[in-house]
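Working notes, beginning with the structure itself.
The sequence lines fix the lettering, A, B, ..., with proteins before strands; numbering per chain opens at 1. Fair warning: this is a prediction, and the values are worked out from it, not measured in the lab.
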Protein chains: 2
Amino acid sequence: MFEENLEAPENLNMHLNYYQKEDQVLLAVDCIIFGFDKENLKILLIKRNFEPEKGKWSLIGGFLKKNENLDEAAVRVLETLTGLNDIYLEQIHTYSKIDRDPGQRTISVAYFALIDVDSHHFDGIQIDAAHWFDIKEAPNLIFDHNEMVQKAKARLKRRALSKPIGFELLPEKFTMRQLQNLYESILDKKLDKRNFINKINSLDVLIKLDEKDMSVSRKGAYLYVFDKDKYEKKVEEDGFIFKI
Amino acid sequence: MFEENLEAPENLNMHLNYYQKEDQVLLAVDCIIFGFDKENLKILLIKRNFEPEKGKWSLIGGFLKKNENLDEAAVRVLETLTGLNDIYLEQIHTYSKIDRDPGQRTISVAYFALIDVDSHHFDGIQIDAAHWFDIKEAPNLIFDHNEMVQKAKARLKRRALSKPIGFELLPEKFTMRQLQNLYESILDKKLDKRNFINKINSLDVLIKLDEKDMSVSRKGAYLYVFDKDKYEKKVEEDGFIFKI
DNA sequence: CTTATAAGTGTTTTTTTTACATTTATAAAA
DNA sequence: TTTTATAAATGTAAAAAAAACACTTATAAG
């Protein structure tokens with residue numbers, strides 16, 4: 001970048017040094033953690049145990065450290081909280097309103113993360129006050145966190161339609177119904193069962209197993225796994241575009 | 001956000017104060033400025049006149065100041081350079097690789113901007129070394145600026161297909177051919193003239209004037225204006241989605 | 001053996017997208 | 001004034017994608 005003060009390009013280095021100290025800021029990351037429990041889309045929130053806004057719900061987050069980049073900071077924050085480290089993470093947006101945090105000037109970079117709630121029976125959400133909320137029933141959040149969640153939901157929707165990202169939220173083996181539930185949760189609308197299955201099958205990235213999930217219906221439902229290799233081969237060879 | 005060090009939640013305030021000073025960083029904005037001259041998509045770059053990387057091409061940018069948010073910083077940087085202040089701006093991504101700027105640790109928030117090159121005969125690109133490059137012929141850039149431009153191009157493409165953003169790049173009155181040229185530049189592919197016009201007309205957001213542009217052909221081409229009110233009314237009433 | 005429940009399965013209609021060729025208005029040249 | 005050259009303007013048919021739609025089946029529980 002051309003990281004320079006355009007108003008005073010002369011005497012550059014002196015200016016820069018002065019400038020640096022004056023205008024340094026605290027950079028945070030906040031994570032919008034989406035989960036899915038085979039039925040509904042969830043979001044992981046924690047109850048603040050300190051001021052300001054003590055007792056209110058918020059996203060989890062932390063500060064960027066000197067020896068890491070933002071992606072690494074987001075991974076660290078997530079791992080510290082959930083014990084997990086192979087989670088889908090994507091940067092969303094950077095929030096910088098001057099008084100967004102009344103305590104101090106902080107700029108925050110929002111990330112969204114995807115977790116299968118059930119298969120990651122993580123030994124402890126390590127912060128007691130953490131809780132999974134149904135996305136429809138999430139409480140009001142502090143600061144600009146509601147805005148962050150809104151943007152994350154929009155991004156998730158867009159991603160789910162253009163990348164097989166939904167599979168990050170499912171267990172390894174899943175039924176068509178579960179997949180459809182997931183898409184219905186993400187897109188927030190009902191889908192036609194037959195059209196959905198036809199569409200998914202036409203993408204040709206699932207493997208149907210001989211195994212059935214008998215836990216929901218009398219008849220049982222076949223289990224599927226996502227064929228990541230096939231997907232990636234298609235992307236490589238055909239310029240395959242995942243589009244639901 | 002929950003801007004806290006998760007590893008040491010006890011003794012919070014003391015910790016925070018220590019932490020703050022230690023981990024403050026410099027935040028910059030860098031602008032990818034796209035322009036259109038009725039023929040081709042352009043990008044505005046400047047030649048650095050200081051070290052490091054003196055003499056090389058880069059995006060324009062500047063540091064975030066204490067009294068502004070990032071959007072404001074981007075507006076300021078752009079206005080300082082071009083004298084313009086009603087420009088379409090959109091945040092793209094935040095770049096934070098530790099040694100992305102070899103001179104110092106700097107995190108940069110990239111923005112993209114859209115300008116009609118001809119109608120904004122701005123009195124001076126105020127930095128002499130600034131230059132419009134055809135998007136296809138842009139030089140190699142410093143640091144991670146090439147990466148930023150790549151992402152901005154992808155975003156522009158996506159936006160152009162889903163919002164009438166292209167009009168920011170055109171003069172108030174334009175011909176169908178110019179509009180098509182713009183879309184062909186952004187999408188980087190040839191479009192069928194009849195299909196393009198049919199599609200545009202079906203959106204019903206342009207007003208055809210009685211005036212012709214005689215500068216290109218013998219026959220002359222009708223001029224159009226974008227009907228912003230109509231567009232916004234449609235969005236409001238019908239949930240109209242702009243989709244080319 | 002009856003019943004209740006979710007799983008599984010194809011076809012038709014509608015909408016959207018793509019492919020494609022001729023005529024027209026005008027300025028410039030002859 | 002006539003001819004010529006050039007880009008503008010215009011519509012339809014075919015193909016592809018999306019949406020609408022209802023009945024049969026497998027099984028556990030009663």
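- Here D/dT10 is the nucleotide among D/dT10, D/dA8, C/dG10 with the atom lying nearest to any side-chain atom of B/Lys208.
- Atom CG of A/Leu41 sits about 5.5 Å away from atom OG of A/Ser185, to the nearest 0.5 Å.
- The interatomic distance linking B/Tyr224 (OH) with D/dA8 (P) rounds to 11 Å, in whole Å.
- Of the listed nucleotides (D/dT27, D/dA22, D/dG11), D/dG11 has the atom at the smallest distance from the side chain of B/Arg194.
- For B/Lys199, taking side-chain heavy atoms from C-beta onward, the closest of the listed nucleotides D/dA28, C/dT17, D/dA8 is C/dT17.
- For A/Arg177, a side-chain nitrogen or oxygen approaches OP1 or OP2 of C/dA7 to under 4.0 Å.
- Across the protein-nucleic acid pair, A/Gln180 atom CD and C/dG8 atom C1' stand 12 Å apart, rounded to whole Å.
- For A/Arg218, whose side chain is taken as the heavy atoms from C-beta onward, the closest listed nucleotide among C/dA4, D/dA20, C/dA27 is C/dA4.
- When ring centroids are compared, B/Phe174 and B/Phe226 stay outside the 6.0 Å threshold.
- Separating the CG atom of B/Leu179 from the C1' atom of D/dA9 is a distance of 16 Å, rounded to the nearest angstrom.
- Residue A/Asn195 places its side chain closer to C/dG10 than to any other of C/dA27, C/dG10, C/dA7.
- Residue B/Ile197 contributes atom CD1, which lies 15 Å from atom P of D/dA7 at whole-angstrom precision.
- In the set D/dT27, C/dT9, C/dA7, C/dA7 carries the atom at the smallest distance from any side-chain atom of A/Lys219.
- Within the 4.0 Å cut-off from OP1 or OP2 of D/dA18, at least one side-chain nitrogen or oxygen of A/Lys243 is found.
- The distance from atom CZ of B/Phe196 to atom P of C/dT18 is 13 Å, rounded to the nearest whole Å.
- Regarding A/Lys193, its NZ atom lies at a distance of 14 Å from the P atom of C/dT5, rounded to whole Å.
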